[in-house]
Amino acid sequence: MRAEVLLEGRGVTKRFGGLTAVSQVDFELHRGEILGLIGPNGAGKTTLLDCLTGVEPANEGTITFAGQSLIGLKPHQVVKRGIARTFQVVQPFPTLTVRDNVAMGALFGSTRAHKDVRRAQTVADEKLAFVGLTNKADQPAAQLTLGERKRLELAKSLATEPELLLLDEVNAGLNPAEIKTAIDLMRKIRDEGVTLLVIEHVMKVIMDLSDRVIVLHHGEKIAQGSPDDVTNDEGVVRAYLGEKYAKLLALDR
Amino acid sequence: MMNRVARNTLGFTLAPIFVAAILMTAFTVQAADVIKFGAALPLTGPLATEGKKQQNGFEIWREIANSRGGINVGGKKMKVEMVYYDYESKSPTATKLAERLITKDKVDILIGPFGSGATKAVAAIAERYKIPMIAPTASSEAVYDQGYKHLFGLLAPNGFLPSGFFDTVTKLNPKPTSMAFVTRNDFFPKAITNMMRKASKKYGFTDVYYAEFPKDSKDMSTWLTVVKSKNPDILMVGGYVGDLILATKQAKELGVNPKIIFMMAGPVYQQYADALGDTSNNIMSAAWWSETFNYKGRVIGTAANFADIWMKKHNQVADYVGAASAASGVVAHLAIEKAGSIEASKVIAAISSLKTDTFFGPVEFNKGGQNIGSKIAIFQIQQRQRKTIYPLDISDGKLVYPRP
Amino acid sequence: MSRGETRGGYTTVSANDVLLSVTGLEGGYDQVQILWGVDLEVSAGEMVAIIGSNGAGKTTFLKTISGVVPSRAGTIVFDGIALEGATAKEIVERGISHVPEGRRLFGPMNIEENLLMGGYARGLKDHELAADLERVYGIFPILKERRKQLAGSMSGGEQQMCAIARGLMARPRLLLIDELSLGLAPRLVEQLCANLVEINREGVAILVVEQDVLTALDLAERGYVFESGRIAMSGTSDELIANQEVKRTYLGI
Amino acid sequence: MIYLQILVNSVLLGGMYAAIAVGFSLVWGVMNILNILHGTFLMLGGYITFWLFHLYGVDPFLSLPLSAVAMFFLGYFIQLGIINQVIRASFFMTLVLTFGLELIGVKMALFFWTGDYRSVQTEYAGYSFQVGGVVIPLVRLALFGLGLLLTGGLFWFMAVTRTGRAIRAVRIDLEAAQLMGVNPAKIYATTYGISAGLAGAAGALVSAGFAISPVTDVEFLAKSFVICVVGGLGNITGALAGGLVLGLVENFGALYFGPGLQNALGYAVLLLVLFIRPSGLLGRAGYH
Amino acid sequence: MFPIWTKNQWLALWLGIAVLVAIPQFTDNDGTRMWMDILMYMILAMSWNFIGGLTGYPSFATAAFFGLGAYTTAILMNHGAPFLVAMPLGGVVGATVALLLGILILRLRGHYFAIATYGAAEGLRELAENLEITGAADGINLPQIEGTVDYFTQYFYYSMLAVAVLTVLTVYWVTRHRLGYGLVAIRENEDAAGMLGVVATKYKIVAFMLSAIFPAMAGGVYAYRAAFVEPIDVFDVLFSIEAIVMALLGGVGTIVGPLLGAFFLELINDFLWSHFLEFHTAFLGLIMVLVVIFTPRGVMALVQEVRKKGGLRALGGILLANTQRFKV
C-alpha cells in the first residue's frame, strides 16, 4: 500500500575530475514520507542534493520528479517544479531583513509566484510565524544566531511552497532544545503534505523522524531501510557509526 | 522605523533644494563702467601649459589697456575686466563655462578656448547666445564653415600653410619628390596634415604613406618603421607637442632620416627644444607669429616689444599662443573703439569690417571670420633656436637641407 | 619566560602554574555579541578541551584570545601579563599560537614556506629557523618528505599536521587548536592525538576546541562545555563524559 | 626585415610596459586596490630624474635608485597614513580615495613644474645599434632590461624573502597571517611602497624614453590597467606576459589595421581575454 | 527592504518635482543650467545604481551609454529627425547595446565585470574616433536650436527634468516590484538567489539595460544643448567615475543616496569652480579623500546613524568611529 513515487533517481553519478562523488545511486521517495540520508563526511550526500537541484548536474543517470525528468534543469527551474532546498552552510541575504529574506522565496520560488511584493510579505509573515521567527522579522539576517538562521533558511524554502523539501543538516550545531523544536517543525511540515528528504548527522533526529533511511558511503549507497534496520546493519556500523558508537552503545547498556 | 528615516531623509534632500532655489533667484549686478571679457581656459589637464600662456597673453593686453585708462567707448573710458574659468582641457566643460560666462557673469565678449576642437564646441554656444567670440588659437577652416556670425579667429587659415611650405621646398636642390604623412587622430592635426597632403599632389609629390595615430599614443615605432622602409624625402607629422617630442625621439632612435622632417604644431614651443636638446635641430615647423616678425600696432607696439614684456614677466620665449591671446584683446579693443559701443551687434559689425595692423600682424577677417591678413611663417630649429625661413622678407636663417 | 627550564627547545614549567586565566570575557563581531562572560583557566603544560555545538562561541573565544577579534569586557591574563587590547602580533610573540579552524594554511605556498611563516613573529632569518624546522619535522616526518609540495594540494590530515607544525614554529607555550578532527578520518585523528600528546609532553600547554566530544575528552585532562557564548559546565574529562546532559546533548544517546 | 624590426620594437615595448605595470599589479593583487595613484608615482619618479639631470647632470641610470627609494617612502607613508584607514571598505572607496589623491598630486605637480613636457636628453639618448639590419635603440633596450629586472626582482623578492613571504601570506589569508604575527598595516604599507618604488624606477627611465608632464600619468595608468588584466591580476610574471602581448598586439595591429586603432586593439584584447580566460593569461582562476 | 512610500513621501516627491518645474521661474538662466547639470548627474548616478547599487555589478559603462545616446541623437538630428524623436531613440540604442553587451559580459563577476565594462566603454570611444558615421575624431555638429535664450535654456532644462523624473519613477517602480527584489537578491547572494528561482541572467540584463537607457537619453539632451559632440568628450570615462563617486558618497543601493550624492558633489564642484580658478581640482580631490575617510559607507548611512544615535551631537563621535571602522 505504498504511496505514489514522487522522486526517483536511477544510476545517478557525479564525478569531479578523477573523483567520483556520487556513484550509481538509485533511490525513490514516496509522497508524504520523510526519507533520511546519512553517511560519513564526504560520502556524497550534499553532492547528491546538488545533482537533484541542478547546482551540479549529474554526469549520468535519470532523475524524475512527479513523472517529469529533472535532468538539465537549472536551479531556478527546479525550484519552480516544487522542490525547495536548504543549504548545509546557510546562505541568507545578509543585509536584508528576515522578512524580506523569506519574501524572496515567495516572490520567486513559488509555482504560483506572488508577483506582488506586499502579498509576498504576507506569505513571509505566515512562514515566519510557522517557524517561530516572527519576533525577528525586522532584523537583518546577518544578526541572527545560527539556530535562527537555520529556521530562516527553512522559512525561505517553505515560502516557495514546495511539494518536496530537501533539508541539508538543518540541525547541525543546534542544542537539544532547539533540535527538539526542529523535529516538531519537520513533522508539522510533513503533516501539511510536504515530502521531506533529510540529510542529518544527529542520529537521534534520523531515528525519531525518518520513515526510511538511505546510507551513502564513498558515494555509493550501502544500505537502505527502516531506521532500526539500518543502525543494526553491520556494514553501516563499520563504515559510518564507527567503533566509538559501538563503545557508547555498550556504555549505555 | 525605516519609513521614518526614509521620510526624514527625503525632507533632508528637499530642504537644501528650496534654500538653494531661493538663493539662486537673486543677484548678478553689472557695473556700468567696465567691459567684461570672459575666457574658459584649459588651466589644468593636458593643455594646462597652453591655457596658462593664453591667460598670460590676455593679462599683458589687459594691463596695457587699463594702464591707459581703459578702452575708449564713444568718448567714455571703460576699464577691462576679465573673468577666467578652468575647463580642465575638456570641451564639454568649456561649453558649460562659456554659458556661465555669458549668462551669469554677463561678459560682453568671449575669448575662445584653446585649439580648433574646443573652439568649435564653444562657438556653437556663442552663436546661440549671440555674443561676439574671438578665438585666438583655432586655425582649421572646419571651425569657421558653420555659417556662424559671431566667431572670429586670429590665426591665418591652415590653407595659408601649403603655399609657403611648397614654395620653399620645391626650390631645393636636389628637389624632394616624395612625402609621407602621419597625424594624430585629432581635429587640428588631422585638418592641417590632410590639407598639406592634398596640396602635395598639386605640387607633384608622390604620396608614399598616410597614417593616423591615436590620441595618447605612447609608441610611434610601428609607423616610423614603415616610414623608414618607404624612404620618403619629406616626413610630415601632425600632432601636439607631447606627440611630436616622442615622434622626434623615436625617429632618431630608429634611424628614420628623411631629408626634411616637418612637424605641426609644437616645435614652435620652447619646451620642444628644451626637451629634445640637439635632437630638435633641423626639424621644420610653422608658426602664426614670431617675435622676429616686423609687425607693429597701436596698442602693444611691435612684435619684439611684446616678446620683451613676455620675457620679463615669465622668463620664457614668447610664442604664438600667448601673442594671439593678447592680440584677441587688441582686436576687441580696436573694434569696440571703432564701434563706439559694446553692444554685441555693433561690435560684430566693427570686427567684421576691421582692417588694421597689430603687433600680431595685419588683421582682416573673411566671411567665415578667419583672419586672412595674417601669415604663417615657416621655420627650422637650428642650434636649438627657431630660424625663420619663410616668408623671405622676415627670414633670419637659411634652410639646412638635407638634414645631416 | 623567567620561570621554568628549557627542554628540547620548548620552555616548560611545573604543571600547576596558571598560564592562561580568562575572566568575564565578552566579545563578538560588529553588531553581534557572541561571548557573554567566559571564565576559563589553563595551567602550564596542561591539555584542556572546549566542547560545544556550532555557534556556541568556541571559535570566537579562541580568536579573542589570539587578538584577531577584539574583546569588549573581561580580562585575559597570560603568564601574569594582561593581554586585552594587545595585537595579534604581540600575542604570538608572548607565546600563544593559534591553529585556526579549517587549518587556514597558505595554500599556494609549499609546506616549508608555511612553516617559516609560522616562525615569522620571531623575526629571525630563514636559516636561523632551520633547527626549529628540524624539530617539527621530527614530530611530523611526512611533512619533511613533502616539504616542497604546495600546502593546498595535500590531504586534510597532512594539512592539519602542517597547521599544527606551523603553530609550533612560533615556539608557543600555549597552543590553541580549533576543530582538530574536522573532516578527518578516525585513523588520522588518532595519529594527530598522539602527536598532540607528544607535543604536550614537551611542555606546551594545549587548549583544543573539538566537536567530537569523545575525541576531545579522550585527549584532554579537563574540559569546558560552551553553550550560547557561556560556559555551561566544566570538569575533568571523566566527570564530563559521565554526565547525562553531555551524553544526551553531544553524544546523541 | 620590417617584420623583424617591428617584432623587436614590440618586444622592447613589452618589456617597458611590464616595468610600468608590475607595481600596479602588485597592489591590485595583494590589497585589492585599483591604484589610480600609480601613474602619479611614475610621473614623480620621472620628475626627480629630470630635475637631477637638468640641475646637476646626474645620469638617469644613476638617479634611478634614488627615484625608486624616494617613491618607496612616499608610497609607504601614504598607505600607512591614509589608505590603511579605509582598506577594508569597499573596493570602490579605495578607488575614490586614490582618485582624490591623484587629483591633488597632479595639481601640485602642475603648480610647481607647469604643464610643459619634459624629457631627459642624455648624450646617448638617440643612440642605437644595429644587429643584422635591425635597429635596437639603447634607451628602449635599457627600458626593456629594466622591465625584466623589475619583474624578475620582484618575483625573487616575493618568492624568497621573509617579507615577500609575509606579503603573499597576507594576500592568501589575512587572518591566518595575523595569527602568525604579521602586522598587516605594515605589510600593506611595505607592499604599497614597493609598488610606488617600482613605479618611480620605471618613471626614471620613462623620462628618458618619453616626454613626461604632470598630466601624462593617466596614460600610463590606462596601459597598466590593460596589461594587468591581460596578464592576470596580481600576477607578477603576468605583468611581463601582459606587457609583451600588448606590445605585440599594438605594433602588429598598427601595421595591419593602421596606427589609429592601436589603442582600440588594446581594449579589444582586454575584452577578448576577459571572455576567454577571465583570470588572465597567467592568472590563477578564482583569485579576487 | 524598500518601504512602500507613505502619503507624505509621495507628497514630498511631487512637491520636489513641482519645485524643480518652477525653478526656471525663480532663477536666472545660469541657475537653471546649474540645476540642469545637477539633474544630469542625478540621472547618471541613479541609473548606475540599478546595476552597481541594487544588483552589485560595478559598471564603468555609464560613459558608453551616455556617448551612444549623444551620438545617436546627433546623427539622427542631422538626418532631419526632430529632437523629441531622436533623443528617446538614443535611449533605445543605449538599451539595445546594453542588452547585447550584457549577454556577453554579465557572466563575469565583480572586478572582471567592472574591467569589461571599462574596456567596452573605452573601446567604443576608440571606435567613435575612427568611424565615418561619427565624424571620427573631428566630432559632429548638431542643428542649432532656434529661439530666445530663455526659451532654449528652459527647453533643455525641461527635457533633462523629464528624463530625471522618468528615472526616479522607474527607480520607485523597480524597488517596489519583484524586479527590485530580484536584483537585490542577486547582489546579496547570487547563488542563493538562483536556488530560490531568481533567473539571474535575465534580471542582470534588465538592470544593465535600465542603467543604460536613461544616461543615453541624458546624453541626447546634452548633445543637443552642446550642439557639438566629439568622442573624447561624450565617451569620457569620467562620466562613469563621477556617477559611481556620487552614488558611493550618497549611499550605494539606497534610493535617495545617489540623488543626494549628485546634488552635493555637483554643488561643491560648482562652488569650487567659481572660487578656485586653478586649484578646484585639488580641492575636489581633498574633499573626496576626506569623505572617504570619514563616511566610508556614504552619506545616507551617516544620516541614518546620526538619527539613531540622537542627532547632530553624536556626529563627531560617529565620524571618528567611521575612521576606525575599515582600518586594517
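Computed from a predicted model, the values in this text were never measured in an experiment. A note on names: the letters A, B, ... follow the listed sequences, proteins ahead of strands, and every chain is numbered from 1.
- Only the side chain of B/S229 comes within less than 4.5 Å of a heavy atom of chain D; its backbone N, CA, C and O stay farther away.
- For B/Q250, the part sitting under 4.5 Å from any heavy atom of chain D is the side chain, from C-beta outward, and nothing else.
- A distance-only check finds a donor-acceptor pair linking the side chain of D/Q262 to the backbone of B/D219 [under 3.5 Å].
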Exercise. Walk me through it: do B/T279 and D/Q121 pass the test side chain to side chain contact (heavy atoms under 4.5 Å, CB included)?
Key: CA-CA 8 Å; B/T279 306; D/Q121 195 66 19; 2.8 Å; yes

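- Remark: D/F111 CZ is loosely packed, at most 12 non-hydrogen atoms of other residues, nucleotides or ligands lying under 6.0 Å away.
- Scanning both residues, B/E253 and D/V139, for their nearest heavy atoms gives OE2-CB, 4.1 Å.
- In terms of heavy-atom proximity, D/Y117 sits nearest to B/A275 at O-CB, 4.1 Å.
- Ranked by non-hydrogen atom pairs under 4.5 Å with chain B, the options D/F50, D/F252, D/F220 are led by D/F220.
- Per-residue heavy-atom pair counts under 4.5 Å with chain D were compared for B/K218, B/E212, B/K252, and the maximum is reached by B/K218.
- Using modelled atom types and a 3.5 Å distance limit, the side chains of B/K249 and D/S119 yield a donor-acceptor pair.
- The local environment of CD in B/Q270 is crowded, with over 12 non-hydrogen atoms from other residues, nucleotides or ligands closer than 6.0 Å.
- The two atoms that bring B/T49 and D/G115 nearest to each other are OG1-C, 2.6 Å, heavy atoms only.
- If you tally non-hydrogen atom pairs under 4.5 Å between each of B/G45, B/S89, B/G277, B/A211 and chain D, the highest count goes to B/G45.
- No other option in B/G242, B/G255, B/G51, B/A251 has as many heavy-atom pairs under 4.5 Å with chain D as B/G242.
- Residues D/G260 and B/P214 come closest through the heavy atom pair O-CB, 3.8 Å.
- Residue D/Q130 places its CD atom among more than 12 non-hydrogen atoms of other residues, nucleotides or ligands, all under 6.0 Å distant.
- Looking at B/Y209, only its side chain comes within 4.5 Å of chain D, counting heavy atoms on both sides.
- Between D/G209 and B/L246, the shortest heavy-atom distance links the atoms O-CD1, 3.7 Å.
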Exercise. Assess whether side chain to side chain contact (heavy atoms under 4.5 Å, CB included) is satisfied between D/Q5 and B/L254, documenting all intermediate values.
Key: CA-CA 9 Å; D/Q5 178 71 54; B/L254 291 168; 3.7 Å; yes

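- For the set D/L110, D/D116, D/V218, D/V106, the count of heavy-atom pairs under 4.5 angstrom toward chain B peaks at D/D116.
- Residue B/K198 qualifies as open at atom NZ: its count of foreign heavy atoms under 6.0 Å is 12 or below.
- Most heavy-atom pairs under 4.5 Å with chain B, from the set D/I2, D/I6, D/L261: that is D/I2.
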